[in-house]
Amino acid sequence: MSINYKLVQKAALEDRVAHLYLFHGSGTEERRQAVLELALMLNCKGENRPCRECPACKKIVSGNHPDVYFLKPSPNSIGIEQILTLQAKISQKNYEGKYKICLIEEADKLTLPAANALLKMAEEPPPNTILVFSTGNAERIIPTLRSRAQEVYFPLPQEEVLGAEQEAFLLSGGDPDLARKITLLGTDRVRAWLDKYFTILETGDFTKVFSLWPLEQEEFRIFLQTLAVTGRELVLKGKLSPQFLTEIRHISEAINKQVNHRLALEVLALKHLRQGGMDIG
């Protein structure tokens with residue numbers, strides 16, 4: 001059962017925090033800022049925590065505090081080597097903070113060996129050490145880890161958080177992380193990719209797939225994510241087969257395994273056309 005982040009803040013000010021948290025919901029940036037705020041509350045040297053003015057607070061804000069760690073996928077998963085390196089750091093004595101804070105971003109990308117390696121830390125954490133899993137999909141955290149964590153849910157930010165890019169928010173299906181990526185690429189550009197792809201499905205003309213180049217690999221990932229969002233809406237309307245989404249998931253997994261993204265797009269288009277394209281009637 002998830003709790004509100006305000007309860008975590010209250011616990012931090014009273015020095016009664018849990019040793020393992022699972023932050024989920026909202027976007028990566030919102031969850032990261034929440035962890036930084038937690039680190040400030042726990043390690044601030046000022047009278048009114050967090051003061052944001054003491055040396056400890058300034059180091060945390062600048063990303064230079066020796067007892068605050070951030071771990072990200074490298075590049076598409078978090079492997080056991082990364083976890084063993086992290087464990088070696090955490091096992092050492094605190095450098096200057098009262099608490100060690102470790103954020104594992106996109107924790108749903110932990111490999112099974114890496115997740116299993118974290119179990120001992122979850123069961124027997126070092127003193128004054130807080131581990132935070134951050135993910136947009138809590139269901140993908142293995143049960144043995146999830147059951148040991150205090151879950152904290154972050155609701156999606158209001159659309160106005162993203163400023164004038166309302167369409168980016170809609171194209172993302174309400175995913176703040178994806179919406180930010182769409183905004184950086186250009187909403188019109190992403191919309192054009194989708195329009196071109198659905199034109200292929202409507203006309204059955206496979207040769208039009210080449211009009212999508214040049215798409216770089218990261219751009220293709222974003223295209224797949226937005227295609228899945230739009231695809232879900234069309235599946236619900238009965239204009240596409242549910243298999244449409246299955247094929248996107250398979251191609252996304254292939255891309256994570258370093259399959260050539262241009263070949264992957266051609267394969268995806270062929271599979272979708274074999275499913276009968278798109279019913280626009």
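Between Lys98 and Asn43, the side chains place no donor N or O within less than 3.5 Å of an acceptor N or O (distance only, hydrogens not considered). Residues Glu37 and Gln33 have side chains that never bring a donor and an acceptor to within less than 3.5 angstrom of each other. Counted by atom type alone, Ser241 and His272 present zero donor-acceptor pairs between their side chains at under 3.5 Å. Looking at Asn64 and Ser62, their side chains do bring a donor and an acceptor atom within 3.5 Å of each other.
Arg49 has a carboxylate O that lies under 4.0 Å from a charged side-chain N of Asp15, or vice versa, which qualifies the two as a salt bridge. Salt bridge present: Arg32 and Glu105 bring a charged side-chain N and a carboxylate O closer than 4.0 Å. Between Arg221 and Glu218, at least one side-chain nitrogen of the basic residue sits less than 4.0 Å from a carboxylate oxygen of the acidic one, meeting the salt-bridge criterion. Using a 4.0 Å cut-off between charged nitrogen and carboxylate oxygen, Lys120 and Glu124 count as a salt-bridge pair. Under a 4.0 Å N-O distance rule, the pair Lys239/Glu233 does not qualify as a salt bridge. Under the 4.0 Å criterion applied to side-chain N and carboxylate O atoms, Glu14 and Lys10 are assigned as salt-bridge partners.
Here the side chains of Cys54 and Cys44 are in contact, with some heavy-atom distance below 4.5 Å. Side-chain atoms of Gln225 and Val229, non-hydrogen and from C-beta on, never get closer than 4.5 Å to each other. Between Asp67 and Tyr99, the closest side-chain pair of non-hydrogen atoms is not below 4.5 Å. Here the side chains of Tyr69 and Ile104 are not in contact, with every heavy-atom distance at 4.5 Å or above. Here the side chains of Pro126 and Gln92 are not in contact, with every heavy-atom distance at 4.5 Å or above. Within the 4.5 Å cutoff, no side-chain heavy atoms of His261 are placed close to those of Glu219. With a 4.5 Å cut-off on side-chain heavy atoms, Leu265 and Trp213 count as touching. Proximity of Lys45 to Pro55: side-chain heavy atoms (C-beta onward) are nowhere separated by under 4.5 Å.
Note that CD of Gln150 and CG of Leu7 are 8.5 Å apart. Values are rounded to the nearest 0.5 Å. Note that CG of Leu118 is 11.5 Å distant from CZ of Arg148, once rounded to the nearest 0.5 Å. Here Leu131 contributes atom CG and Ile101 contributes atom CD1; the two are 10.0 Å apart, rounded to the nearest 0.5 Å. To the nearest 0.5 Å, atoms CE (Met41) and SG (Cys51) are separated by 12.5 Å. Rounded to the nearest 0.5 Å, atoms CG (Leu110) and CD1 (Ile78) are 4.5 Å apart. Note that CG of Leu36 is 11.5 Å distant from NE2 of His65, once rounded to the nearest 0.5 Å.
Here the closest heavy-atom approach between residue Lys208 and residue Thr199 is recorded as CD-CG2, 4.1 Å. Across all non-hydrogen atoms, the minimal contact from Ile142 to Ala115 is CD1-CB, 3.5 Å. Taking both residues in full, the closest heavy atoms of Ile83 and Ala114 are given as CG1-CB, 3.7 Å, listed atom of the first, atom of the second, then distance.
Clustering ILVMFWY residues whenever any of their side-chain heavy atoms sit less than 4.5 angstrom apart, transitively, puts Leu240 in the very cluster that holds Leu245. Residues Phe206 and Ile251 are members of one and the same hydrophobic cluster, defined by side-chain heavy-atom contacts under 4.5 angstrom among Ile, Leu, Val, Met, Phe, Trp and Tyr. With hydrophobic clusters built from ILVMFWY side chains whose heavy atoms lie under 4.5 angstrom apart, Leu268 does not share a cluster with Val259. Leu86 and Leu22 end up in the same hydrophobic cluster when Ile, Leu, Val, Met, Phe, Trp and Tyr side chains are linked at under 4.5 Å. Under the 4.5 Å side-chain heavy-atom criterion for ILVMFWY residues, no single connected hydrophobic cluster contains both Ile141 and Tyr5.
For Asn48, the CG atom sits in a loose shell: 12 or fewer heavy atoms of surrounding residues, nucleotides or ligands are nearer than 6.0 Å. Atom CD of Glu47 sits in a sparse spot, with 12 or fewer heavy atoms from other residues, nucleotides or ligands closer than 6.0 Å. Within 6.0 Å of atom CZ in Phe210, more than 12 heavy atoms from other residues, nucleotides or ligands are found, so the atom counts as buried in its surroundings. The neighbour count for Arg140 CZ, taken as heavy atoms of other residues, nucleotides or ligands under 6.0 Å away, does not exceed 12.
Under the 30°/60° scheme for interplanar angles, the aromatic rings of Phe223 and Trp193 are found to stand perpendicular. The aromatic rings of Phe244 and Phe198 sit parallel to each other, their planes meeting at less than 30°, with 60° as the upper class boundary.
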*Begin with the C-alpha distance, continue with both residues' side-chain angles, and end with the deciding distance and a verdict on side chain to side chain contact (heavy atoms under 4.5 Å, CB included) for Ile80 and Asn116.*
CA-CA 9 Å; Ile80 189 169; Asn116 286 332; over 6 Å; no

*Evaluate the criterion side chain to side chain contact (heavy atoms under 4.5 Å, CB included) for residue pair Leu194 and Leu171; output intermediate values, then yes/no.*
CA-CA 10 Å; Leu194 294 172; Leu171 285 173; 3.8 Å; yes

*Verdict with supporting geometry, Ile130 and His19, side chain to side chain contact (heavy atoms under 4.5 Å, CB included)*: CA-CA 4 Å; Ile130 298 171; His19 70 274; 5.6 Å; no

*Kindly determine whether Ile222 and Leu185 satisfy side chain to side chain contact (heavy atoms under 4.5 Å, CB included), including the steps that lead there.*
CA-CA 9 Å; Ile222 295 168; Leu185 279 174; 3.4 Å; yes

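Aromatic ring centroids of Phe154 and Phe23 lie under 6.0 Å apart.
Among Glu106, Arg31, Glu30, the single residue meeting the side-chain hydrogen bond (donor to acceptor under 3.5 Å, both in side chains) criterion with Ser134 is Arg31.
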